[in-house]
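First comes the structure, then the notes that go with it.
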Number of protein chains: 2
Amino acid sequence: MHTRTQPTVEEALAVLETGFERGYIVVLFGRCRVEYDGRAASSLAAGNRMLIAKPDGAILVHTETGQQPVNWQPPGCTHEGASTNGELVVRSKRETPAEQLLVQFERVDHAVAYDATGANDVTVTGTEADLRDRILDDPSLIEPGFEPRVTERETPAGAVDIYGKDEDGNVVVLELKRRRVGPDAVSQLNRYVSALDQELHAGTELRGILVAPSVTDRAERLLEKRGLEFMSVSPSSEDE
Amino acid sequence: MHTRTQPTVEEALAVLETGFERGYIVVLFGRCRVEYDGRAASSLAAGNRMLIAKPDGAILVHTETGQQPVNWQPPGCTHEGASTNGELVVRSKRETPAEQLLVQFERVDHAVAYDATGANDVTVTGTEADLRDRILDDPSLIEPGFEPRVTERETPAGAVDIYGKDEDGNVVVLELKRRRVGPDAVSQLNRYVSALDQELHAGTELRGILVAPSVTDRAERLLEKRGLEFMSVSPSSEDE
DNA sequence: CACTCTATCTCGGCT
DNA sequence: AGCCGAGGTAGAGTG
């Protein structure tokens, strides 16, 4: 780890460059302006901020508010530091799509280069995959007699989460969501049902069921209009 | 600004608490485990990481890779630090939805409290709003004779981006996207068109046009199947 | 507070 | 490299 408080431009640059070389996270605290140009374009006037440069090429500029950075570059970018007109300038670029970020420090108050190695594989539960497994484990959560046949069954409109049959032999398509859903989820299910309707030969009864903890009013009306169904199931049995 | 290198638990706690009091961003570098429980649940084994606690209640835990934090809490949470079994523990909570984050530091290598005040209003161009303004400014970008009437016109299925008439007096609904679109955008437009189709009295011709720089193959086929149209326009005239 | 939709969404998986 | 969908999406705007 390297740190510097109230460094000169050269000292801050040294922290930045030795940090990059060693694969450290480099963090600069100071007053800076930020310019971005690429998929969109943005400009940010001077203020005290925190810049985070990661060894995988990601860059984040954080202000005192918000969970999201005010400016950033994704992993895979190449960044470089330079001293320009007495200012520390950090530039980050990538191609495809072409975009670049320019951070100009009028003043650097503190610089840190830190070796942030260690496990970064977080295990998450309560996901859509958990909901899927729960239903495959106990299909009666949907309805008595429901039989899952395939997961991720392909259709011209995309892959259906769970494809199966009901006790009367009708084809059933499930679209799973881990949380309360709005109109977009209904449309998604509808796309799959429409696509399968064309694919399956006529006469086959086809049901589409949206499976989620709950739906909004508008989504419910939309389901009705499209002749689709809803079944309330949560990713975790504890949430019921 | 306050900084401490290789602080004791008490020293790190002091940086944390005086930082919170003064409305500073507090950053801790060290080896920690992270537990989250709320909308989902997650667990992260020990490793060297960076914790960022903002005065608005946001918390971020960053590893050496990725643009996104491995764990976080949104703004509005209350966080507190404590010394437990010789470890510095940071806990962050909120209600609605109930969720909490627990970060346990086996070791703190560096602590910073920084006053990150300053302008945080970034001006962005190339957004959907820019695309809308561009079309309102020159409706012929859609087609000769197109006349915008209302933006954000409400329908039972949601608000239409631009509602207008073509040169033959037909109702035209535009759905705008700032970048290349897939099937979801087609479904969205279709929802609005279907809803308006019921609302407008019979006999009125109704056209739906998806406006974006480009569409994917699947989206194009879906447009065709739904009897919808596409017009290529970018948010910025320079992108064409 | 809940609903709806945009986003430089990011991220992973697959083709 | 592009397409597609999930996400503890976050954030903004509105009712």
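Everything numeric in this text was worked out from a predicted model, so none of it was measured. All chains are named by letter (A, B, ...) in the order of the sequence lines, taking the proteins before the strands, and each is independently numbered beginning at 1.
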Item to complete: Extract, from 5' to 3' on DNA chain C, the first and final nucleotides lying under 4.0 angstrom from some heavy atom of chain B.
Response: C:dC1 to C:dC11
Worksheet item: Between the main-chain N or O of A:I162 and the side-chain N or O of A:R132, is there a donor-acceptor pair closer than 3.5 Å?
Response: no
Fill in: Residues B:R153, B:E199: salt bridge by 4.0 Å N-O rule
yes
Worksheet, complete the sentence: Each nucleotide of nucleotides 4-9 of chain D classed B (base within 4.0 Å of a protein heavy atom), S (only sugar-phosphate) or -, in 5' to 3' order, makes SSSSBB
Discussion item. Work out how far the P atom of C:dT4 is from that of C:dT8, and round it to whole angstrom.
Written reply: 23 Å
Discussion item. Counting neighbours of NZ on A:K225 that are heavy atoms of other residues, nucleotides or ligands and sit closer than 6.0 Å, is the number greater than 12?
Written reply: yes
Practice prompt. Taking atom C1' in both D:dG5 and D:dT9, compute the distance separating them and give it to the nearest angstrom.
Written response: 13 Å
Worksheet item: Does A:R180 use its side chain to pair, donor to acceptor, with the backbone of A:V215 at less than 3.5 Å?
Response: yes
Worksheet item: D:dG11 and C:dC11: how far apart are their P atoms, nearest whole angstrom?
Response: 15 Å
Discussion item. For B:Q67, is there any backbone N or O sitting under 3.5 Å from a side-chain donor or acceptor partner on A:K54?
Written reply: no
Worksheet item: Got a sec: does the CD of B:E224 have more than 12 other heavy atoms crowding it under 6.0 Å?
Response: no
Under 3.5 Å, side-chain donor or acceptor atoms of residues 68-78 of chain B against the rest of the protein: list the pairs with distances, not counting sequence neighbours.
{"residue": "B:N71", "atom": "ND2", "partner": "B:S42", "partner atom": "OG", "Å": "3.1"}
{"residue": "B:Q73", "atom": "NE2", "partner": "B:S92", "partner atom": "O", "Å": "3.1"}
{"residue": "B:Q73", "atom": "NE2", "partner": "B:E99", "partner atom": "O", "Å": "3.4"}

Discussion item. Using heavy-atom distances to pick each residue's nearest nucleotide on DNA chain C, tell me which of B:Q68 and A:V215 is more 5'.
Written reply: A:V215
Discussion item. Using a 3.5 Å distance criterion without hydrogens, assess whether the side chain of B:D130 forms a donor-acceptor pair with backbone atoms of B:T127.
Written reply: yes
